[in-house]
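Not measured: the values here are computed from a predicted model.
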Amino acid sequence: IVVLGQGTIPRLATLSLDWTLLGFSLVIATVSAVIFGMAPALRAARVQPGDVLREETRSSTGGGRGMRLREWLVVSQVALAFILMVGAGLLLSSFHRIRAVDLGIRPSNVLTFEVHLPDARYGSTARGRFYDEFAARVEALPGVRAAGGISKLPSTGAFNQWGTNVLTGPLANSKEGNLGAEQRVISGDYFKAVGIPILEGRTFDARDEVAAPRRVLVSKRFAEKAFPGLDAVGQHIAAGGRDCEIIGVVGDVSINNEGAKDVYVYHAHRQFAGDRNWSLDQVVSVSNGEAPPQEAIRRTLAGMDPQLVMYRPAMLDDVIGRGAAQRVFTLRILMAFAAVAIALSGLGIFGVLSYGVKLRSREFGIRMALGAEQGAIRRMVLMRGLAVTGVGIAIGLVGAGLAAKLMASVLFETSPLDASVLVAAVLSMTAVASLAAYLPARRATGVTPRAALQ
């Protein structure tokens, strides 16, 4: 479990085997063995010699009475394995849909890390210069496409949402013009680094200094809501209680890893550095196939301030993927359990059919002596295995429907009764049953009519 949950559950690697839990598990396993072994033990103690002889006679042609019980045990195994298989399939389908969501960014080949500037050594002016200068130096490194920083990495959840009022246009000073927007502070060439397109106007540059009028960029969705039918560039809004001119419109970005879009307002760090000491997450985009130059970035940071550290470096797609950690961990656990259950089901089918073939070996020999073809005998055994599997799948379908509804909270754009998942589970279970029944079916025709009659 620790291995399956690696990288998805915090502090999971610190867990170790608990002896109390191990003792409890051993007691449960022993009690289970005693309870389930009691019934056949008592039954064996009550057997009469005459009953054994009559049973043996019937077994030679039709199998013992215990075969039905064994088959129903296999049916239950198949049903439970099918339920786990459907659950794993639903989570896998959900996971693939999350991976295919358009987040509005290109997170691949983007290195992220934090840089914290201590208040004691960095006033507002020093803070305003540092991040842009650092981004410019990093961009000059070989293999780096763009570098910048932001107060909250994209698609990793909400952060700062302020009341934002429209000051110009048809919604000015109206109830509809009072919008709640996600506020982000950026530095360097952040938009290029994460692949957010500039749709209208321009991004921040040297003109947007501390002394310049406050300027912002807004997302496409914000522009459409605040200024319907108008060009948002040149319009004014009040963000954080200050009059801001919109100088550009950028593409929409998902607020989380599930594709939910929100409205954004972006502020230049140079103009915002005096508000508070905003710690910016750095983003460095590298060319395809290039390894992030972490050591070179560390040397660049040390060259600007030897006391600063490159904190928590990680790739952006990995950071965003942590939002799906619960789904990933549950998926891995379910797939592991499903694999074990499927293996047990296959072994159960194999064992029951093998035992049935042994009991009916004389019957099969007589059938072949009377002219039955080997193919017909094999099909008889295979069909028995598939019949047992079919009953298990039918019961499992009901159980899977109930279990899937309980999983609805961790599914993403996936119906609890997804037809493709159910069909794939049915086909997989049937394939496992066919494979498990193949060897007993071949063994059924291995006995010669002479040996069977003897």
Side-chain angles (χ1 to χ4, degrees), residues 3-13 91-115 134-135 138-139 141-159 182 184-198 219 250-262 264 266 279-298 310-332 335 410-414:
V3 172
L4 291 175
Q6 190 173 10
T8 62
I9 306 297
R11 299 182 61 82
L12 187 65
L91 281 176
L92 187 61
S93 176
S94 180
F95 183 70
H96 282 308
R97 283 184 167 90
I98 288 179
R99 298 282 292 187
V101 164
D102 179 15
L103 302 177
I105 58 175
R106 293 194 299 271
S108 57
N109 301 310
V110 177
L111 174 68
T112 74
F113 54 94
E114 299 175 28
V115 174
F134 178 61
V138 171
E139 277 191 353
L141 297 175
V144 174
R145 292 179 58 253
I150 187 168
S151 52
K152 173 71 173 177
L153 290 173
S155 304
T156 58
F159 185 49
E182 287 286 330
R184 298 290 185 269
V185 176
I186 67 170
S187 65
D189 204 350
Y190 164 76
F191 296 111
K192 183 179 179 181
V194 297
I196 300 176
I198 308 297
S219 64
V250 300
D252 290 322
V253 176
S254 172
I255 194 72
N256 53 32
N257 67 338
E258 296 184 356
K261 299 296 193 297
D262 207 336
Y264 284 83
Y266 297 93
S279 176
L280 301 187
D281 289 292
Q282 303 301 300
V283 289
V284 180
S285 173
V286 298
S287 303
N288 288 337
E290 294 281 347
Q294 292 194 34
E295 290 305 317
I297 294 173
R298 284 192 176 92
M310 184 178 170
Y311 183 54
R312 295 203 301 186
M315 300 306 291
L316 181 56
D317 47 6
D318 291 334
V319 175
I320 294 174
R322 290 172 192 161
Q326 179 187 2
R327 287 189 178 91
V328 172
F329 182 64
T330 308
L331 171 63
R332 291 174 179 174
M335 291 186 72
V410 295
L411 298 180
F412 175 73
E413 293 185 358
T414 301

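Partners of Asp281 under the side chain to side chain contact (heavy atoms under 4.5 Å, CB included) rule, at least two apart in sequence or in another chain, are Glu114, Leu153. Qualifying side-chain hydrogen bond (donor to acceptor under 3.5 Å, both in side chains) partners for Ser254, counting only residues two or more places apart in sequence or in other chains: none. For Asp262, the side chain to side chain contact (heavy atoms under 4.5 Å, CB included) test picks out Gln161, Glu182, Ile255, Tyr264, with sequence neighbours left out. Checked against salt bridge (Lys or Arg N to Asp or Glu O under 4.0 Å), Glu139 has no partners two or more places apart in sequence or in another chain. Evaluation of the ring pair (Phe, Tyr, Trp, His ring centres under 6.0 Å) rule for Tyr311 yields His116 as partners, not counting sequence neighbours. Under the side chain to side chain contact (heavy atoms under 4.5 Å, CB included) criterion, Met310 pairs with Leu111, Phe113, Gln294, Ile297, Arg298, Leu301, Pro313, sequence neighbours left out.
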Under 3.5 Å, which donor-acceptor pairs link side chains of residues 185-196 to any protein atom two or more places apart or in another chain?
residue, atom, partner, partner atom, Å
Ser187, OG, Gly149, N, 3.3

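Using a 4.5 Å heavy-atom cutoff, the side chains of Ser155 and Val253 are in contact. Counting only heavy atoms from C-beta outward, the side chains of Asn256 and Thr156 never approach each other to under 4.5 Å. Contact annotation: the side chain of Val144 never approaches that of Ser285 to less than 4.5 Å [non-hydrogen atoms, C-beta and beyond]. Within the 4.5 Å cutoff, the side chain of Met315 has heavy atoms near those of the Pro292 side chain.
Across every non-hydrogen atom of Ile105 and Pro107, the tightest pair is O-CD, 3.4 Å. Residues Gly251 and Ser219 come closest through the heavy atom pair O-CB, 4.3 Å. Between Val138 and Ala147, the shortest heavy-atom distance links the atoms CG1-CB, 3.9 Å.
Residue pairs meeting the salt bridge (Lys or Arg N to Asp or Glu O under 4.0 Å) criterion with at least one partner in residues 144-158, sequence neighbours excluded, do not occur; the list is empty.
Distance check, rounded to the nearest 0.5 Å: OG1 of Thr112 to CD1 of Ile320 gives 9.0 Å. Here the straight-line distance linking atom OG of Ser108 with atom CG of Asp317 works out to 6.5 Å at 0.5 Å rounding.
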